[in-house]
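Input: a single structure, listed below in C-alpha coordinates.
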Amino acid sequence: MIEIGLNKLTKNYGNKEVLKEISFEIKTGEHVAIIGQNGCGKSTILKLISKEENKTSGDVFIRKDATIGILTQQPKVELNELTVTEILYSSFEKINFLKEKLDMEEKKMLSVTDKELEKAISKYSKLQEEFITIGGYEVTSKVDKIVAGFNIQKLVDKKYKTLSGGEKTIINLIAILLQEPDILLLDEPTNHLDINMLEWLENFLNNYKKTVVIISHDRYFLDKVVKKIILIDNGHEEIFHGNYSYYLEENENRIMREFNEYKNQQKQIEAMKKSIKRLREYGRLAYPCGENFYRRAASIEKRLEKIELLDKPKRENKIPLTFDVTKRSGNDIIEFHKFCFSIGEKEIFKNAELFIQYKERVCLMGKNGSGKSTLIKEILNHNSSIKIGSNIHIGYIPQEIVFEDENITVLEEAHKYFHGPEENLRSALFKFLFYGEGIFIRLNKLSGGERIRLKLFCLMQKDNNLLILDEPTNHIDISTKEILEEALTSYNGTILMVSHDRYFINKVATRIVMLEDKKLISYIGNYNNYKDTVKRQNKI
(Lines give C-alpha, C1' and ligand atoms only; values in the text may rest on other atoms or scores of the structure.)
Protein backbone atom coordinates (compact mmCIF):
# COMPACT_ATOMS: atom_id res chain seq x y z
CA MET A 1 0.00 0.00 0.00
CA ILE A 2 1.27 3.49 -0.83
CA GLU A 3 1.76 5.53 2.33
CA ILE A 4 3.25 8.69 0.80
CA GLY A 5 3.09 9.89 -2.80
CA LEU A 6 4.68 13.01 -4.30
CA ASN A 7 3.71 13.94 -7.85
CA LYS A 8 5.56 16.73 -9.73
CA LEU A 9 6.04 18.56 -6.43
CA THR A 10 7.57 22.02 -6.71
CA LYS A 11 8.56 24.38 -3.90
CA ASN A 12 9.78 27.95 -4.34
CA TYR A 13 11.06 30.39 -1.75
CA GLY A 14 10.65 33.74 -3.45
CA ASN A 15 12.51 33.51 -6.74
CA LYS A 16 14.49 30.44 -5.62
CA GLU A 17 13.16 27.10 -6.87
CA VAL A 18 14.29 24.48 -4.32
CA LEU A 19 12.32 21.45 -5.55
CA LYS A 20 11.55 20.98 -9.26
CA GLU A 21 8.65 18.62 -9.99
CA ILE A 22 9.96 15.76 -7.85
CA SER A 23 7.96 12.53 -7.80
CA PHE A 24 8.31 9.37 -5.70
CA GLU A 25 6.28 6.87 -3.67
CA ILE A 26 6.92 5.37 -0.25
CA LYS A 27 5.06 2.20 0.65
CA THR A 28 3.73 1.13 4.03
CA GLY A 29 6.53 -0.17 6.25
CA GLU A 30 9.38 1.14 4.07
CA HIS A 31 12.39 2.71 5.80
CA VAL A 32 13.68 5.45 3.51
CA ALA A 33 16.48 8.05 3.70
CA ILE A 34 16.44 11.37 1.89
CA ILE A 35 19.99 12.55 1.23
CA GLY A 36 21.69 15.42 -0.59
CA GLN A 37 23.86 18.45 0.02
CA ASN A 38 22.92 20.97 2.70
CA GLY A 39 20.24 23.33 1.37
CA CYS A 40 18.99 20.94 -1.36
CA GLY A 41 15.48 20.76 0.14
CA LYS A 42 15.53 17.60 2.29
CA SER A 43 13.91 19.17 5.36
CA THR A 44 11.47 21.00 3.10
CA ILE A 45 10.20 17.63 1.82
CA LEU A 46 9.45 16.46 5.37
CA LYS A 47 7.62 19.70 6.12
CA LEU A 48 5.56 19.36 2.93
CA ILE A 49 4.62 15.78 3.82
CA SER A 50 3.60 16.82 7.35
CA LYS A 51 1.72 19.90 6.02
CA GLU A 52 3.94 22.25 8.03
CA GLU A 53 4.64 24.07 4.76
CA ASN A 54 2.58 24.62 1.61
CA LYS A 55 3.66 23.43 -1.83
CA THR A 56 4.09 25.79 -4.78
CA SER A 57 2.64 23.24 -7.21
CA GLY A 58 2.18 19.49 -7.61
CA ASP A 59 0.56 17.04 -5.23
CA VAL A 60 1.30 15.35 -1.89
CA PHE A 61 -0.72 12.20 -1.15
CA ILE A 62 -0.86 10.66 2.34
CA ARG A 63 -2.74 7.43 3.06
CA LYS A 64 -6.14 8.23 4.54
CA ASP A 65 -6.19 8.30 8.36
CA ALA A 66 -2.41 7.78 8.58
CA THR A 67 -0.91 9.45 11.66
CA ILE A 68 2.30 11.46 11.24
CA GLY A 69 5.04 12.26 13.75
CA ILE A 70 7.84 14.65 12.78
CA LEU A 71 11.12 15.39 14.54
CA THR A 72 12.73 18.74 13.74
CA GLN A 73 15.78 20.37 15.31
CA GLN A 74 13.76 23.24 16.77
CA PRO A 75 12.89 23.28 20.51
CA LYS A 76 9.16 23.35 21.32
CA VAL A 77 8.50 26.43 23.47
CA GLU A 78 4.97 25.22 24.24
CA LEU A 79 6.54 22.47 26.38
CA ASN A 80 8.65 24.82 28.50
CA GLU A 81 6.61 24.51 31.71
CA LEU A 82 6.18 20.72 31.51
CA THR A 83 8.50 18.19 33.11
CA VAL A 84 10.12 15.50 30.97
CA THR A 85 7.86 12.87 32.58
CA GLU A 86 4.74 14.89 31.71
CA ILE A 87 5.92 15.27 28.11
CA LEU A 88 6.61 11.56 27.68
CA TYR A 89 3.27 10.46 29.13
CA SER A 90 1.42 13.06 27.04
CA SER A 91 2.56 11.10 23.96
CA PHE A 92 -0.23 8.60 24.66
CA GLU A 93 -3.08 10.93 23.72
CA LYS A 94 -5.71 8.28 22.95
CA ILE A 95 -4.74 6.15 25.95
CA ASN A 96 -4.90 9.18 28.25
CA PHE A 97 -8.34 10.06 26.89
CA LEU A 98 -9.63 6.53 27.52
CA LYS A 99 -8.06 6.50 30.98
CA GLU A 100 -10.02 9.64 31.89
CA LYS A 101 -13.25 8.03 30.63
CA LEU A 102 -12.54 4.87 32.63
CA ASP A 103 -11.95 6.94 35.77
CA MET A 104 -15.23 8.78 35.19
CA GLU A 105 -17.15 5.51 34.69
CA GLU A 106 -15.63 4.09 37.88
CA LYS A 107 -16.90 7.07 39.85
CA LYS A 108 -20.36 6.77 38.25
CA MET A 109 -20.64 3.11 39.26
CA LEU A 110 -20.31 4.10 42.92
CA SER A 111 -23.53 6.12 42.77
CA VAL A 112 -25.79 4.23 40.33
CA THR A 113 -28.84 2.16 41.33
CA ASP A 114 -28.91 -1.63 41.05
CA LYS A 115 -30.92 -1.38 37.83
CA GLU A 116 -28.32 0.89 36.23
CA LEU A 117 -25.31 -1.05 37.53
CA GLU A 118 -25.39 -3.80 34.89
CA LYS A 119 -25.49 -1.25 32.09
CA ALA A 120 -22.65 0.74 33.71
CA ILE A 121 -20.50 -2.39 34.11
CA SER A 122 -21.09 -3.29 30.45
CA LYS A 123 -20.01 0.17 29.31
CA TYR A 124 -16.97 0.09 31.59
CA SER A 125 -15.99 -3.38 30.30
CA LYS A 126 -16.12 -2.23 26.68
CA LEU A 127 -13.96 0.81 27.49
CA GLN A 128 -11.53 -1.37 29.42
CA GLU A 129 -11.29 -3.85 26.55
CA GLU A 130 -10.43 -1.02 24.16
CA PHE A 131 -7.95 0.35 26.72
CA ILE A 132 -6.22 -3.04 26.89
CA THR A 133 -6.23 -3.44 23.08
CA ILE A 134 -4.34 -0.16 22.51
CA GLY A 135 -1.81 -0.98 25.24
CA GLY A 136 -3.12 1.16 28.06
CA TYR A 137 -1.60 -0.99 30.79
CA GLU A 138 1.79 -1.11 29.01
CA VAL A 139 2.44 2.65 29.06
CA THR A 140 4.64 2.72 32.15
CA SER A 141 6.83 -0.16 30.95
CA LYS A 142 7.17 1.49 27.50
CA VAL A 143 8.26 4.78 29.05
CA ASP A 144 10.66 3.09 31.47
CA LYS A 145 12.21 1.04 28.67
CA ILE A 146 12.85 4.02 26.39
CA VAL A 147 14.10 6.20 29.28
CA ALA A 148 16.64 3.48 30.09
CA GLY A 149 17.55 3.06 26.40
CA PHE A 150 18.40 6.74 26.08
CA ASN A 151 19.89 6.89 29.60
CA ILE A 152 17.90 9.99 30.59
CA GLN A 153 16.88 8.91 34.10
CA LYS A 154 18.45 12.10 35.49
CA LEU A 155 16.24 14.30 33.29
CA VAL A 156 12.76 12.91 34.00
CA ASP A 157 11.93 15.37 36.81
CA LYS A 158 13.40 18.43 35.09
CA LYS A 159 11.37 21.05 33.28
CA TYR A 160 11.79 21.19 29.51
CA LYS A 161 12.91 24.82 29.60
CA THR A 162 15.91 23.94 31.82
CA LEU A 163 17.32 21.38 29.36
CA SER A 164 20.18 22.01 26.95
CA GLY A 165 19.48 22.19 23.21
CA GLY A 166 20.74 18.64 22.73
CA GLU A 167 18.66 17.30 25.62
CA LYS A 168 15.52 18.96 24.22
CA THR A 169 16.11 17.27 20.85
CA ILE A 170 16.49 13.89 22.57
CA ILE A 171 13.24 14.40 24.53
CA ASN A 172 11.43 15.47 21.33
CA LEU A 173 12.68 12.30 19.64
CA ILE A 174 11.62 10.02 22.51
CA ALA A 175 8.16 11.60 22.67
CA ILE A 176 7.61 10.94 18.95
CA LEU A 177 8.86 7.34 19.20
CA LEU A 178 6.41 6.71 22.06
CA GLN A 179 3.53 7.91 19.87
CA GLU A 180 4.34 5.17 17.31
CA PRO A 181 2.81 7.09 14.37
CA ASP A 182 2.06 5.39 11.04
CA ILE A 183 4.56 7.72 9.36
CA LEU A 184 7.70 8.66 11.29
CA LEU A 185 9.56 11.67 9.84
CA LEU A 186 13.00 12.12 11.44
CA ASP A 187 15.22 15.11 10.63
CA GLU A 188 18.74 14.37 11.91
CA PRO A 189 17.64 12.00 14.72
CA THR A 190 21.23 10.99 15.59
CA ASN A 191 22.35 14.49 16.59
CA HIS A 192 23.39 14.59 20.26
CA LEU A 193 23.20 10.79 20.68
CA ASP A 194 26.13 8.82 22.07
CA ILE A 195 27.05 5.33 20.83
CA ASN A 196 24.75 3.48 23.25
CA MET A 197 21.79 5.69 22.31
CA LEU A 198 22.54 5.27 18.60
CA GLU A 199 22.60 1.49 18.85
CA TRP A 200 19.36 1.50 20.88
CA LEU A 201 17.66 3.70 18.25
CA GLU A 202 18.91 1.50 15.42
CA ASN A 203 17.46 -1.56 17.11
CA PHE A 204 14.15 0.24 17.76
CA LEU A 205 13.78 1.36 14.15
CA ASN A 206 14.76 -2.03 12.76
CA ASN A 207 11.86 -3.50 14.73
CA TYR A 208 9.48 -0.67 13.79
CA LYS A 209 6.99 -2.08 11.28
CA LYS A 210 5.57 1.26 10.17
CA THR A 211 6.87 3.80 7.63
CA VAL A 212 10.04 5.75 8.46
CA VAL A 213 11.54 8.63 6.48
CA ILE A 214 14.93 9.84 7.69
CA ILE A 215 17.26 12.74 6.95
CA SER A 216 20.72 12.04 8.34
CA HIS A 217 24.41 12.61 7.64
CA ASP A 218 25.24 9.53 9.75
CA ARG A 219 26.19 7.04 7.03
CA TYR A 220 26.71 4.11 9.44
CA PHE A 221 23.22 4.70 10.84
CA LEU A 222 21.72 4.81 7.33
CA ASP A 223 23.42 1.54 6.45
CA LYS A 224 21.79 -0.06 9.48
CA VAL A 225 18.19 1.20 9.24
CA VAL A 226 17.17 2.09 5.65
CA LYS A 227 16.55 0.00 2.55
CA LYS A 228 15.84 2.83 0.11
CA ILE A 229 17.68 6.07 -0.67
CA ILE A 230 16.17 9.15 -2.34
CA LEU A 231 18.90 11.50 -3.54
CA ILE A 232 17.88 15.14 -4.04
CA ASP A 233 20.26 16.78 -6.49
CA ASN A 234 19.71 20.15 -8.16
CA GLY A 235 16.01 20.05 -7.26
CA HIS A 236 15.40 16.60 -8.77
CA GLU A 237 15.14 13.10 -7.30
CA GLU A 238 17.05 9.89 -7.96
CA ILE A 239 15.96 6.65 -6.27
CA PHE A 240 18.21 3.77 -5.12
CA HIS A 241 16.77 0.54 -3.69
CA GLY A 242 19.29 -0.30 -1.00
CA ASN A 243 21.17 1.14 1.98
CA TYR A 244 23.79 3.91 1.92
CA SER A 245 26.69 1.66 0.87
CA TYR A 246 24.58 0.33 -2.01
CA TYR A 247 23.76 3.91 -3.01
CA LEU A 248 27.47 4.87 -3.07
CA GLU A 249 28.33 2.03 -5.44
CA GLU A 250 25.25 2.38 -7.61
CA ASN A 251 25.50 6.18 -7.79
CA GLU A 252 29.09 5.90 -9.01
CA ASN A 253 27.91 3.40 -11.65
CA ARG A 254 25.06 5.77 -12.60
CA ILE A 255 27.45 8.71 -13.05
CA MET A 256 29.76 6.57 -15.20
CA ARG A 257 26.81 5.36 -17.34
CA GLU A 258 25.53 8.90 -17.80
CA PHE A 259 29.03 10.15 -18.61
CA ASN A 260 29.51 7.42 -21.23
CA GLU A 261 26.08 8.20 -22.70
CA TYR A 262 27.04 11.90 -22.78
CA LYS A 263 30.39 11.13 -24.46
CA ASN A 264 28.74 8.85 -27.03
CA GLN A 265 26.14 11.50 -27.83
CA GLN A 266 28.86 14.14 -28.19
CA LYS A 267 30.73 11.83 -30.61
CA GLN A 268 27.51 11.25 -32.54
CA ILE A 269 26.82 15.00 -32.74
CA GLU A 270 30.38 15.72 -33.82
CA ALA A 271 30.20 13.02 -36.51
CA MET A 272 26.87 14.41 -37.78
CA LYS A 273 28.29 17.93 -37.92
CA LYS A 274 31.29 16.67 -39.91
CA SER A 275 28.95 14.81 -42.29
CA ILE A 276 26.90 17.97 -42.81
CA LYS A 277 30.04 20.01 -43.50
CA ARG A 278 31.46 17.34 -45.84
CA LEU A 279 28.18 16.92 -47.80
CA ARG A 280 27.86 20.68 -48.24
CA GLU A 281 31.44 20.78 -49.50
CA TYR A 282 30.64 17.95 -51.95
CA GLY A 283 27.56 19.90 -53.07
CA ARG A 284 29.67 22.99 -53.67
CA LEU A 285 32.29 21.05 -55.64
CA ALA A 286 29.62 19.19 -57.69
CA TYR A 287 27.86 22.44 -58.71
CA PRO A 288 25.52 22.63 -60.58
CA CYS A 289 24.68 18.94 -59.91
CA GLY A 290 25.19 18.94 -56.16
CA GLU A 291 21.55 19.36 -55.04
CA ASN A 292 21.44 15.76 -53.76
CA PHE A 293 24.36 16.42 -51.40
CA TYR A 294 22.65 19.52 -50.01
CA ARG A 295 19.40 17.56 -49.40
CA ARG A 296 21.29 14.84 -47.50
CA ALA A 297 23.05 17.53 -45.43
CA ALA A 298 19.71 19.18 -44.61
CA SER A 299 18.22 15.81 -43.62
CA ILE A 300 21.09 15.16 -41.16
CA GLU A 301 20.71 18.71 -39.87
CA LYS A 302 17.02 18.12 -39.07
CA ARG A 303 17.90 14.89 -37.21
CA LEU A 304 20.56 16.80 -35.30
CA GLU A 305 18.04 19.45 -34.25
CA LYS A 306 15.68 16.78 -32.87
CA ILE A 307 18.31 15.19 -30.62
CA GLU A 308 17.54 15.78 -26.94
CA LEU A 309 20.85 16.96 -25.56
CA LEU A 310 22.13 15.20 -22.44
CA ASP A 311 23.60 17.29 -19.65
CA LYS A 312 27.18 16.51 -18.75
CA PRO A 313 27.11 14.65 -15.40
CA LYS A 314 28.48 16.78 -12.60
CA ARG A 315 30.40 15.50 -9.62
CA GLU A 316 30.05 17.32 -6.31
CA ASN A 317 32.43 20.20 -5.72
CA LYS A 318 34.67 18.99 -2.94
CA ILE A 319 36.91 21.06 -0.70
CA PRO A 320 40.55 20.11 -1.33
CA LEU A 321 41.69 19.86 2.29
CA THR A 322 45.40 19.31 2.91
CA PHE A 323 47.08 19.69 6.28
CA ASP A 324 50.75 20.47 5.67
CA VAL A 325 53.22 19.57 8.43
CA THR A 326 56.83 20.75 8.22
CA LYS A 327 57.69 20.72 11.95
CA ARG A 328 57.86 17.10 13.09
CA SER A 329 57.02 16.34 16.71
CA GLY A 330 58.77 13.82 18.93
CA ASN A 331 57.60 10.21 19.14
CA ASP A 332 55.80 10.60 22.49
CA ILE A 333 52.82 12.92 22.05
CA ILE A 334 50.55 12.65 25.12
CA GLU A 335 51.13 10.59 28.25
CA PHE A 336 49.57 10.31 31.69
CA HIS A 337 49.32 7.63 34.38
CA LYS A 338 47.01 7.31 37.39
CA PHE A 339 45.25 10.49 36.29
CA CYS A 340 42.54 11.62 38.71
CA PHE A 341 40.22 14.57 38.09
CA SER A 342 37.03 15.87 39.64
CA ILE A 343 34.66 18.78 39.04
CA GLY A 344 33.28 19.77 42.43
CA GLU A 345 32.20 16.54 44.10
CA LYS A 346 31.83 14.70 40.79
CA GLU A 347 34.76 12.39 40.05
CA ILE A 348 35.44 12.24 36.30
CA PHE A 349 38.69 10.22 36.11
CA LYS A 350 40.19 7.81 38.61
CA ASN A 351 43.65 6.36 37.91
CA ALA A 352 43.16 6.75 34.16
CA GLU A 353 46.04 6.11 31.76
CA LEU A 354 46.73 7.14 28.18
CA PHE A 355 49.77 7.06 25.90
CA ILE A 356 49.59 8.45 22.36
CA GLN A 357 52.52 8.17 19.94
CA TYR A 358 53.50 10.02 16.77
CA LYS A 359 51.13 9.54 13.76
CA GLU A 360 48.47 7.66 15.74
CA ARG A 361 44.88 8.60 14.99
CA VAL A 362 43.05 8.07 18.27
CA CYS A 363 39.29 8.36 18.72
CA LEU A 364 38.02 8.97 22.25
CA MET A 365 34.55 7.49 22.74
CA GLY A 366 32.08 7.08 25.60
CA LYS A 367 28.64 8.02 26.89
CA ASN A 368 27.44 11.63 26.86
CA GLY A 369 28.63 13.38 30.00
CA SER A 370 31.33 10.80 30.75
CA GLY A 371 34.15 13.36 30.46
CA LYS A 372 35.49 13.19 26.89
CA SER A 373 35.40 16.94 26.26
CA THR A 374 36.70 17.51 29.80
CA LEU A 375 39.81 15.46 29.00
CA ILE A 376 40.34 17.44 25.80
CA LYS A 377 40.17 20.71 27.76
CA GLU A 378 42.65 19.48 30.38
CA ILE A 379 45.12 18.53 27.62
CA LEU A 380 44.71 21.96 26.02
CA ASN A 381 45.07 23.65 29.45
CA HIS A 382 48.33 21.74 30.05
CA ASN A 383 47.15 20.01 33.22
CA SER A 384 50.27 19.28 35.28
CA SER A 385 49.41 15.57 35.42
CA ILE A 386 49.39 15.33 31.62
CA LYS A 387 52.75 15.17 29.83
CA ILE A 388 52.83 16.78 26.38
CA GLY A 389 55.74 15.73 24.13
CA SER A 390 58.41 17.93 22.61
CA ASN A 391 57.91 20.27 19.65
CA ILE A 392 54.11 19.89 19.74
CA HIS A 393 51.99 22.44 17.86
CA ILE A 394 48.27 21.90 18.47
CA GLY A 395 45.40 22.69 16.12
CA TYR A 396 42.02 22.50 17.85
CA ILE A 397 38.42 22.43 16.64
CA PRO A 398 35.93 22.62 19.53
CA GLN A 399 32.43 21.14 19.56
CA GLU A 400 30.84 24.59 19.59
CA ILE A 401 32.77 26.96 17.32
CA VAL A 402 32.81 30.55 18.57
CA PHE A 403 35.02 33.19 16.98
CA GLU A 404 36.78 35.90 18.99
CA ASP A 405 34.82 38.67 17.26
CA GLU A 406 31.48 37.46 15.87
CA ASN A 407 30.76 40.84 14.24
CA ILE A 408 33.55 40.73 11.65
CA THR A 409 33.23 39.15 8.19
CA VAL A 410 34.51 35.84 6.85
CA LEU A 411 37.15 37.71 4.84
CA GLU A 412 38.35 39.65 7.89
CA GLU A 413 38.62 36.49 10.02
CA ALA A 414 40.50 34.64 7.26
CA HIS A 415 42.94 37.60 6.93
CA LYS A 416 44.21 36.87 10.47
CA TYR A 417 45.62 33.51 9.39
CA PHE A 418 46.43 33.84 5.69
CA HIS A 419 49.79 35.23 4.61
CA GLY A 420 49.66 36.65 1.10
CA PRO A 421 47.80 39.14 -1.10
CA GLU A 422 44.02 39.41 -0.84
CA GLU A 423 43.61 38.08 -4.39
CA ASN A 424 45.20 34.78 -3.30
CA LEU A 425 43.14 34.76 -0.09
CA ARG A 426 39.90 35.09 -2.06
CA SER A 427 40.95 32.21 -4.31
CA ALA A 428 41.73 30.08 -1.26
CA LEU A 429 38.36 30.90 0.34
CA PHE A 430 36.62 29.99 -2.93
CA LYS A 431 37.89 26.40 -2.49
CA PHE A 432 36.09 26.38 0.86
CA LEU A 433 32.87 27.52 -0.83
CA PHE A 434 33.14 31.13 0.38
CA TYR A 435 32.82 33.40 -2.67
CA GLY A 436 30.94 36.42 -4.01
CA GLU A 437 28.90 38.06 -1.27
CA GLY A 438 29.59 35.03 0.95
CA ILE A 439 32.99 36.36 2.01
CA PHE A 440 31.31 39.45 3.49
CA ILE A 441 28.87 37.52 5.72
CA ARG A 442 29.35 38.37 9.39
CA LEU A 443 30.44 35.45 11.54
CA ASN A 444 27.34 35.63 13.76
CA LYS A 445 25.23 34.85 10.66
CA LEU A 446 27.10 31.66 9.67
CA SER A 447 25.46 28.24 9.81
CA GLY A 448 27.07 25.35 11.68
CA GLY A 449 28.53 23.91 8.48
CA GLU A 450 29.91 27.29 7.39
CA ARG A 451 31.51 27.75 10.81
CA ILE A 452 33.43 24.49 10.63
CA ARG A 453 34.51 25.19 7.03
CA LEU A 454 35.94 28.55 8.09
CA LYS A 455 37.56 27.04 11.20
CA LEU A 456 39.17 24.35 9.03
CA PHE A 457 40.44 27.03 6.66
CA CYS A 458 42.06 28.95 9.53
CA LEU A 459 43.48 25.77 11.07
CA MET A 460 45.10 24.70 7.82
CA GLN A 461 47.06 27.94 7.53
CA LYS A 462 49.12 26.89 10.57
CA ASP A 463 51.83 24.24 10.79
CA ASN A 464 50.12 22.01 13.38
CA ASN A 465 51.49 18.53 14.04
CA LEU A 466 48.81 17.50 16.57
CA LEU A 467 45.14 17.90 15.68
CA ILE A 468 42.59 17.76 18.50
CA LEU A 469 39.05 17.56 17.13
CA ASP A 470 35.91 17.53 19.30
CA GLU A 471 33.01 16.15 17.19
CA PRO A 472 34.45 17.49 13.89
CA THR A 473 31.68 16.05 11.71
CA ASN A 474 28.81 17.83 13.48
CA HIS A 475 26.89 20.19 11.13
CA ILE A 476 28.72 19.21 7.93
CA ASP A 477 27.26 17.35 4.97
CA ILE A 478 28.41 13.97 3.72
CA SER A 479 30.57 15.27 0.85
CA THR A 480 32.54 17.51 3.24
CA LYS A 481 32.94 14.59 5.66
CA GLU A 482 34.43 12.50 2.85
CA ILE A 483 37.00 15.17 2.03
CA LEU A 484 37.84 15.64 5.72
CA GLU A 485 38.33 11.86 5.99
CA GLU A 486 40.74 11.89 3.05
CA ALA A 487 42.67 14.81 4.50
CA LEU A 488 42.97 13.27 7.97
CA THR A 489 44.04 9.82 6.72
CA SER A 490 46.84 11.43 4.68
CA TYR A 491 47.79 13.84 7.52
CA ASN A 492 51.46 13.49 8.46
CA GLY A 493 50.91 14.21 12.15
CA THR A 494 48.99 12.90 15.16
CA ILE A 495 45.22 13.07 15.74
CA LEU A 496 43.15 12.90 18.93
CA MET A 497 39.46 13.22 18.25
CA VAL A 498 36.09 12.80 19.93
CA SER A 499 33.38 11.45 17.64
CA HIS A 500 30.17 9.40 17.58
CA ASP A 501 30.22 9.19 13.76
CA ARG A 502 31.05 5.51 13.34
CA TYR A 503 31.49 5.67 9.55
CA PHE A 504 33.95 8.55 10.01
CA ILE A 505 35.73 6.69 12.83
CA ASN A 506 36.07 3.57 10.65
CA LYS A 507 37.73 5.66 7.94
CA VAL A 508 40.10 7.67 10.15
CA ALA A 509 40.90 6.03 13.50
CA THR A 510 43.77 3.62 14.10
CA ARG A 511 42.89 3.21 17.78
CA ILE A 512 39.73 3.50 19.88
CA VAL A 513 39.93 4.68 23.50
CA MET A 514 36.72 4.03 25.43
CA LEU A 515 35.98 6.11 28.51
CA GLU A 516 34.25 3.68 30.90
CA ASP A 517 33.88 3.82 34.68
CA LYS A 518 36.28 6.79 34.94
CA LYS A 519 39.06 4.85 33.16
CA LEU A 520 40.38 4.70 29.60
CA ILE A 521 40.46 1.37 27.76
CA SER A 522 42.36 1.08 24.46
CA TYR A 523 41.40 -1.05 21.44
CA ILE A 524 43.66 -1.28 18.38
CA GLY A 525 41.92 -0.50 15.08
CA ASN A 526 38.75 1.33 14.08
CA TYR A 527 35.18 1.09 15.38
CA ASN A 528 34.38 -2.21 13.66
CA ASN A 529 37.57 -3.72 15.10
CA TYR A 530 36.52 -2.50 18.57
CA LYS A 531 33.05 -4.09 18.20
CA ASP A 532 34.60 -7.40 17.10
CA THR A 533 36.98 -7.38 20.07
CA VAL A 534 34.15 -6.70 22.54
CA LYS A 535 32.07 -9.55 21.02
CA ARG A 536 34.99 -11.97 21.40
CA GLN A 537 35.56 -10.88 25.00
CA ASN A 538 31.88 -11.35 25.85
CA LYS A 539 31.95 -14.93 24.49
CA ILE A 540 34.88 -15.92 26.71
Side-chain angles (χ1 to χ4, degrees), residues 16 35-42 188 191 217 219 232-234 314-326 361 393-493 495 497-499 501 503-504 507-508:
K16 185 180 180 183
I35 67 171
Q37 291 187 324
N38 286 348
C40 72
K42 301 185 297 293
E188 294 291 354
N191 283 0
H217 292 145
R219 297 157 290 176
I232 304 300
D233 183 25
N234 196 29
K314 295 180 181 178
R315 292 186 179 271
E316 293 177 352
N317 293 324
K318 293 187 175 180
I319 307 170
L321 302 182
T322 52
F323 293 92
D324 296 322
V325 178
T326 58
R361 301 194 295 268
H393 301 277
I394 299 176
Y396 172 55
I397 295 184
Q399 198 171 127
E400 297 297 330
I401 296 173
V402 178
F403 296 98
E404 187 178 353
D405 184 354
E406 291 278 335
N407 292 313
I408 64 174
T409 66
V410 168
L411 184 63
E412 289 169 329
E413 177 68 15
H415 254 305
K416 298 179 183 178
Y417 302 88
F418 187 86
H419 301 291
E422 185 170 307
E423 182 181 347
N424 292 353
L425 171 57
R426 289 184 179 226
S427 296
L429 283 172
F430 182 86
K431 294 177 181 179
F432 282 75
L433 309 183
F434 291 110
Y435 49 86
E437 293 300 313
I439 65 174
F440 300 111
I441 296 174
R442 301 204 176 273
L443 303 185
N444 56 17
K445 301 295 184 183
L446 294 180
S447 67
E450 289 168 335
R451 282 177 173 272
I452 197 166
R453 288 210 311 269
L454 182 56
K455 189 69 176 180
L456 281 168
F457 173 86
C458 298
L459 195 64
M460 289 169 60
Q461 309 311 312
K462 295 184 173 182
D463 191 14
N464 300 305
N465 50 31
L466 170 61
L467 297 180
I468 297 181
L469 313 173
D470 195 351
E471 296 285 2
T473 60
N474 282 359
H475 314 299
I476 61 176
D477 60 23
I478 289 174
S479 60
T480 307
K481 285 183 184 182
E482 290 170 349
I483 292 301
L484 182 58
E485 286 162 0
E486 291 175 15
L488 294 178
T489 51
S490 63
Y491 174 61
N492 196 32
I495 299 170
M497 63 185 191
V498 175
S499 181
D501 188 329
Y503 203 101
F504 177 79
K507 290 284 188 180
V508 177

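Keep in mind that the numbers below use all heavy atoms, side chains included, and drop hydrogens, waters and symmetry copies.
With hydrogens and angles disregarded, a donor-acceptor distance shorter than 3.5 Å links the side chain of Asn465 to the backbone of His393.
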Run Leu443 and Leu454 through side chain to side chain contact (heavy atoms under 4.5 Å, CB included) and show every step you take. CA-CA 9 Å; Leu443 303 185; Leu454 182 56; 3.5 Å; yes

Going through the checks in order, is the side chain to side chain contact (heavy atoms under 4.5 Å, CB included) test met by Phe434 and Ile441? CA-CA 9 Å; Phe434 291 110; Ile441 296 174; over 6 Å; no

Side chain to side chain contact (heavy atoms under 4.5 Å, CB included) assessment of Asp463 paired with Val325: CA-CA 5 Å; Asp463 191 14; Val325 178; 4.1 Å; yes

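Side-chain contact between His415 and Leu425 is present, with heavy atoms from C-beta onward closer than 4.5 Å.
Minimum heavy-atom separation, Gly438 to Val410: O-CG2, 3.9 Å. For the pair Met460 and Phe432, the tightest heavy-atom approach, listed with the atom from each and the gap, is SD-CZ, 3.9 Å. Across every non-hydrogen atom of Lys455 and Pro398, the tightest pair is CE-CD, 4.2 Å.
With rounding to the nearest 0.5 Å, the separation of CG in Asp470 from OH in Tyr396 is 5.0 Å. How far CG of Leu469 is from CG of Asn474: 11.5 Å, rounded to the nearest 0.5 Å. Lys481 contributes atom NZ, which lies 10.0 Å from atom CD1 of Ile452 (distance to the nearest 0.5 angstrom). Interatomic distance, NE2 of His217 versus NZ of Lys42, reported as 4.5 Å (0.5 Å rounding). Considering CD1 of Ile35 and CG of Asp477, their distance stands at 11.0 Å, rounded to 0.5 Å. Atoms CZ and NZ, from Phe403 and Lys416 in turn, are 9.0 Å apart once rounded to the nearest 0.5 Å.
Between Phe430 and Tyr435, the angle of the ring planes lies from 30° to 60°, which puts this pair in the tilted group.
With sequence neighbours excluded, the residues forming a side-chain hydrogen bond (donor to acceptor under 3.5 Å, both in side chains) with Thr409 are Glu412, listed by chain and number. Partners of Gln461 under the side-chain hydrogen bond (donor to acceptor under 3.5 Å, both in side chains) rule, at least two apart in sequence or in another chain, do not exist in this structure.
Screening Ile439, Leu446, Ile408 for a side chain to side chain contact (heavy atoms under 4.5 Å, CB included) involving Glu413 leaves a single residue, Ile408.
Annotation for Lys462: atom NZ does not count as buried by contact number, only 12 or fewer foreign heavy atoms lying within 6.0 Å.
Using a 3.5 Å distance cut-off with no hydrogens or angles, the side chains of Asp501 and Ser499 do not pair a donor with an acceptor.
A salt bridge links Arg451 and Glu406; the closest N-O separation between the charged side-chain nitrogens and carboxylate oxygens is under 4.0 Å. Classification of Glu422 and Arg426 as a salt-bridged pair holds, one side-chain N sitting under 4.0 Å from a carboxylate O.
Remark: Arg361 is not positioned above the aromatic ring of Tyr491, lacking an NZ or CZ atom under 6.0 angstrom from the ring centre and at most 45 degrees off the axis.
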